Q: 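Quick one: structure below, then a few questions.
All values below come from the heavy atoms of this structure, side chains included, with hydrogens, waters and symmetry mates left out. Chain identifiers are assigned alphabetically (A, B, ...) following the order of the sequence lines, protein sequences preceding nucleic acid strands; residue numbering begins at 1 within each chain. All values reported here derive from a predicted model rather than from experimental measurement.
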Number of protein chains: 2
Amino acid sequence: MEERYKIDEVAKQCGLTKRTIRYYEELGLITPPERTEGGTRLYTRLHIERLKQIINARDVLGFSLQEITDFVALREQLAQSGDAYRQAEEVELKRSKLLEAGQMIDQQLRMIDHKLEKMKEFRKEIERLRKRVTEGLEKLQ
Amino acid sequence: MEERYKIDEVAKQCGLTKRTIRYYEELGLITPPERTEGGTRLYTRLHIERLKQIINARDVLGFSLQEITDFVALREQLAQSGDAYRQAEEVELKRSKLLEAGQMIDQQLRMIDHKLEKMKEFRKEIERLRKRVTEGLEKLQ
DNA sequence: TCCTCCTATAACGTTAACGTCAACGTTAGA
DNA sequence: TCTAACGTTGACGTTAACGTTATAGGAGGA
């Protein structure tokens, strides 16, 4: 396997423009893909999955690209810290990093729960509106 | 009762700036408040409630101000159409308006449900991250 | 009445998130 | 090999959603 995709293919699969994809790379939201000798970008499935996640965070959660950047950085921190704590001094450092990451994650969780609740409230509001419309239509006939 | 608030008070209660409040009025997101003889805006509780709803739609649902404007217009349509269908010709008009409104509302409902689902997915993703952090901390001690 | 703080309008400035255009090199098929 | 279609890098343009500044006039307490 190990299939590679050029930027136009990726754009169509994700519903983004080519410009946007390059822009996201520029911001560090996705890792720079391989290139051909001529400079053409060659993306993998992972890139596409990542882009779809970003679109989700952007559209559904309303995150700014800056917030997503921070989040991506956090994930990378965690990915890196999986290994390499051979030295005793590093242990304390790693612990504090993990604690900090935990704080941030908990904060994100609280924020998401808050959004979920507000969104459910909003849904009920909309349902009330629909009920009024339905009743209005019934009255008409 | 019928208490009135000046713009700075409203700004503090809503967590907005005065500029933003005037801007939202300019866009038609809130009805223009009464004025004193000198021109000072005097807001009611209703204005404040409305502003809080707008903030919710903006921050939680990620709606653009344009989308909120449309939504506000829809609500007003429905509020108006509660009465006044004395003439026979108006009945058909009202029916079509109600049908159109119903379409839009259903669309909104589907969109919200979609967002709710995606948000829950995202929440699980974050929880997985937290689990990894917790496990990492346990391994350290 | 005066003085200080608040408010109003108008107009220009700013930032994020891309769009668009130009100028040029790359790919790949006939 | 040639060429049409696609890709690359700047660089400037655009829009939404306000911020900021300037200028001028109201509110209200001593």
Side-chain angles (χ1 to χ4, degrees), chain A residues 2-44 47-48 50-73 111, chain B residues 2-44 47-48 50-73 111:
Chain A
E2 280 292 299
E3 207 167 345
R4 302 301 152 108
Y5 309 84
K6 287 200 280 186
I7 198 167
D8 201 51
E9 173 70 17
V10 177
K12 273 168 191 160
Q13 283 197 38
C14 297
L16 297 172
T17 68
K18 295 179 274 183
R19 171 68 168 111
T20 300
I21 295 174
R22 295 198 195 100
Y23 181 55
Y24 286 180
E25 179 185 339
E26 189 182 326
L27 292 184
L29 290 183
I30 54 179
T31 62
E34 274 188 84
R35 304 270 191 137
T36 67
E37 198 160 327
T40 300
R41 272 168 260 247
L42 296 176
Y43 297 93
T44 70
H47 284 104
I48 295 177
R50 186 62 159 277
L51 280 171
K52 288 185 178 173
Q53 284 181 22
I54 291 173
I55 296 169
N56 246 297
R58 189 192 63 175
D59 293 351
V60 178
L61 303 178
F63 281 10
S64 71
L65 297 184
Q66 180 56 54
E67 288 172 312
I68 299 179
T69 305
D70 298 348
F71 190 73
V72 164
M111 195 242 282
Chain B
E2 280 294 298
E3 206 168 344
R4 301 301 153 108
Y5 308 84
K6 287 200 279 184
I7 197 167
D8 201 50
E9 173 70 17
V10 176
K12 273 167 191 161
Q13 283 196 38
C14 297
L16 298 172
T17 68
K18 295 179 274 183
R19 170 68 168 114
T20 300
I21 295 175
R22 295 197 195 100
Y23 180 56
Y24 284 1
E25 180 187 339
E26 189 182 326
L27 292 184
L29 289 184
I30 54 178
T31 63
E34 274 188 83
R35 303 271 191 138
T36 68
E37 199 159 327
T40 300
R41 271 168 261 246
L42 296 178
Y43 297 92
T44 70
H47 284 104
I48 296 178
R50 185 61 159 276
L51 281 171
K52 288 185 178 173
Q53 284 182 21
I54 292 173
I55 295 170
N56 245 297
R58 190 193 61 176
D59 293 351
V60 177
L61 303 178
F63 280 11
S64 72
L65 296 185
Q66 181 57 54
E67 288 172 314
I68 299 179
T69 305
D70 298 348
F71 190 73
V72 164
M111 194 241 282

Q: At under 4.0 Å, does any side-chain N or O of Arg41(B) touch on OP1 or OP2 of dT7(C)?
A: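 Answer no for this pair, as no side-chain N or O of Arg41(B) is under 4.0 Å from OP1 or OP2.
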Q: Name all residues meeting the salt bridge (Lys or Arg N to Asp or Glu O under 4.0 Å) criterion together with Lys12(A); count only those two or more places apart in sequence or in a different chain, and write none if there are none.
A: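 Listed in chain order: Asp8(A).
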Q: Begin with the C-alpha distance, continue with both residues' side-chain angles, and end with the deciding distance and a verdict on side-chain contact (heavy atoms from CB on, under 4.5 Å) for Leu16(A) and Val10(A).
A: CA-CA 8 Å; Leu16(A) 297 172; Val10(A) 177; over 6 Å; no
Q: Using whole Å, report how far CD1 of Ile7(A) lies from C1' of dA5(D).
A: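 Ile7(A) atom CD1 is separated from dA5(D) atom C1' by 15 Å.
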Q: Roughly how far, to the nearest 0.5 Å, is the CD1 atom of Ile21(B) from the CD1 atom of Ile7(B)?
A: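 That separation rounds to 5.0 Å.
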Q: With side chains defined as the heavy atoms from C-beta onward, is the minimum distance between Leu42(A) and Arg35(A) less than 4.5 Å?
A: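 SC-SC contact between Leu42(A) and Arg35(A) ruled out.
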Q: For Arg58(B) and dA17(D), what is the distance between atoms CZ and C1' respectively, to the nearest whole Å?
A: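 Spelled out: CZ on Arg58(B) to C1' on dA17(D) is 9 Å.
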Q: Can you list, by residue number, the residues of residues 62-72 of chain A that have a non-hydrogen atom closer than 4.0 angstrom to DNA chain D?
A: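 None - not one residue of the stretch has a heavy atom sitting under 4.0 Å from the strand.
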Q: Quick check for you: to the nearest 0.5 Å, what is the distance between Arg58(A) atom CZ and Glu67(A) atom CD?
A: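 One gets 13.5 Å once the value is rounded to the nearest 0.5 Å.
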Q: Using side-chain contact (heavy atoms from CB on, under 4.5 Å) as the criterion, list what pairs up with Glu9(B), not counting sequence neighbours.
A: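 Only Tyr5(B), Gln13(B) meet the side-chain contact (heavy atoms from CB on, under 4.5 Å) criterion with Glu9(B).
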Q: Check the distance between dA16(C)'s C1' and Leu29(A)'s CG and give it to me in whole angstrom.
A: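 In whole Å, dA16(C) C1' lies 13 Å from Leu29(A) CG.
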Q: Distance check: side-chain N/O of Tyr24(A) vs OP1/OP2 of dC18(C), anything under 4.0 Å?
A: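 True: Tyr24(A) side-chain N/O within range (under 4.0 Å) of dC18(C) OP1/OP2.
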Q: Given atom CD1 of Ile21(A) and atom C1' of dT8(D), what is their separation to the nearest angstrom?
A: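 Atom CD1 in Ile21(A) sits about 14 Å away from atom C1' in dT8(D).
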Q: For Arg22(B) and dA10(C), is the shortest distance between a side-chain N/O and OP1 or OP2 below 4.0 Å?
A: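 So the side chain of Arg22(B) is outside the cut-off, no N or O lying under 4.0 Å from OP1 or OP2 of dA10(C).
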Q: Find out whether Val72(B) and Arg50(B) are in side-chain contact, i.e. whether some heavy atom of one side chain is under 4.5 Å from a heavy atom of the other.
A: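 Counting from C-beta outward, Val72(B) and Arg50(B) do come under 4.5 Å.
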Q: Who passes side-chain contact (heavy atoms from CB on, under 4.5 Å) against Leu27(A), sequence neighbours left out?
A: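 For Leu27(A), the residues satisfying side-chain contact (heavy atoms from CB on, under 4.5 Å) (neighbours in sequence not counted) are Tyr23(A), Leu29(A), Leu65(A).
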Q: Does Arg41(A) have any salt bridge (Lys or Arg N to Asp or Glu O under 4.0 Å) partners at least two apart in sequence or in another chain, and if so, which?
A: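 Arg41(A): salt bridge (Lys or Arg N to Asp or Glu O under 4.0 Å) contacts with Glu25(A).
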Q: Measure the CZ-CG distance between Phe63(A) and Asn56(A) for me, rounded to the nearest 0.5 Å.
A: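 The distance works out to 11.0 Å.
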Q: Between atom CD in Glu25(A) and atom P in dC18(C), what is the gap in whole Å?
A: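 After rounding, the reported distance stands at 15 Å.
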Q: If each of Arg35(B) and Tyr23(A) is mapped to the nucleotide of DNA chain C with the nearest heavy atom, which maps nearer the 5' terminus, i.e. the 5' end?
A: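 Whichever sits nearer the 5' end wins; that is Arg35(B).
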Q: Could you pull out all residues at least two apart from Thr17(B) that satisfy side-chain hydrogen bond (donor to acceptor under 3.5 Å, both in side chains)?
A: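 Expected list: Thr20(B).
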Q: For the pair made of CG in Leu51(A) and P in dA17(C), what is the distance, rounded to whole Å?
A: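 Those two atoms, CG and P, are 15 Å apart.
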Q: Would you mind reading off the distance between Asp8(B) atom CG and dG28(D) atom P, rounded to a whole angstrom?
A: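 One finds 14 Å between P of dG28(D) and CG of Asp8(B), rounded.
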Q: Nucleotides 28-30 of chain C: which of its N/O atoms have a protein N/O under 3.5 Å away?
A:
none

Q: Starting at the 5' end of nucleotides 19-26 of chain D, put B wherever the base has a protein heavy atom under 4.0 Å, S where only the sugar-phosphate does, and a dash everywhere else.
A: BB-----S
Q: For Gln66(A), give me all partners under side-chain contact (heavy atoms from CB on, under 4.5 Å), at least two apart in sequence or on another chain.
A: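 If we apply the side-chain contact (heavy atoms from CB on, under 4.5 Å) test to Gln66(A), skipping adjacent residues, the hits are Ser64(A), Thr69(A), Asp70(A).
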Q: Would you mind reporting whether Pro33(A) and Thr44(A) have side-chain heavy atoms less than 4.5 Å apart?
A: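 Answer no - side chains too far apart.
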Q: Only pairs at least two apart or in different chains count here, so list each ring-ring contact (aromatic ring centres under 6.0 Å, His included) that has a residue in residues 24-43 of chain A.
A: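 ring-ring contact (aromatic ring centres under 6.0 Å, His included) check on residues 24-43 of chain A returns Tyr43(A)-His47(A).
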Q: Extract from the structure each pairing of a protein N or O with an N or O of nucleotides 1-5 of chain C at less than 3.5 Å, listing the distance.
A:
none

Q: Rounded to the nearest angstrom, tell me the gap between atom CG in Leu27(A) and atom P in dA17(C).
A: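 Distance, rounded to whole Å: 8 Å.
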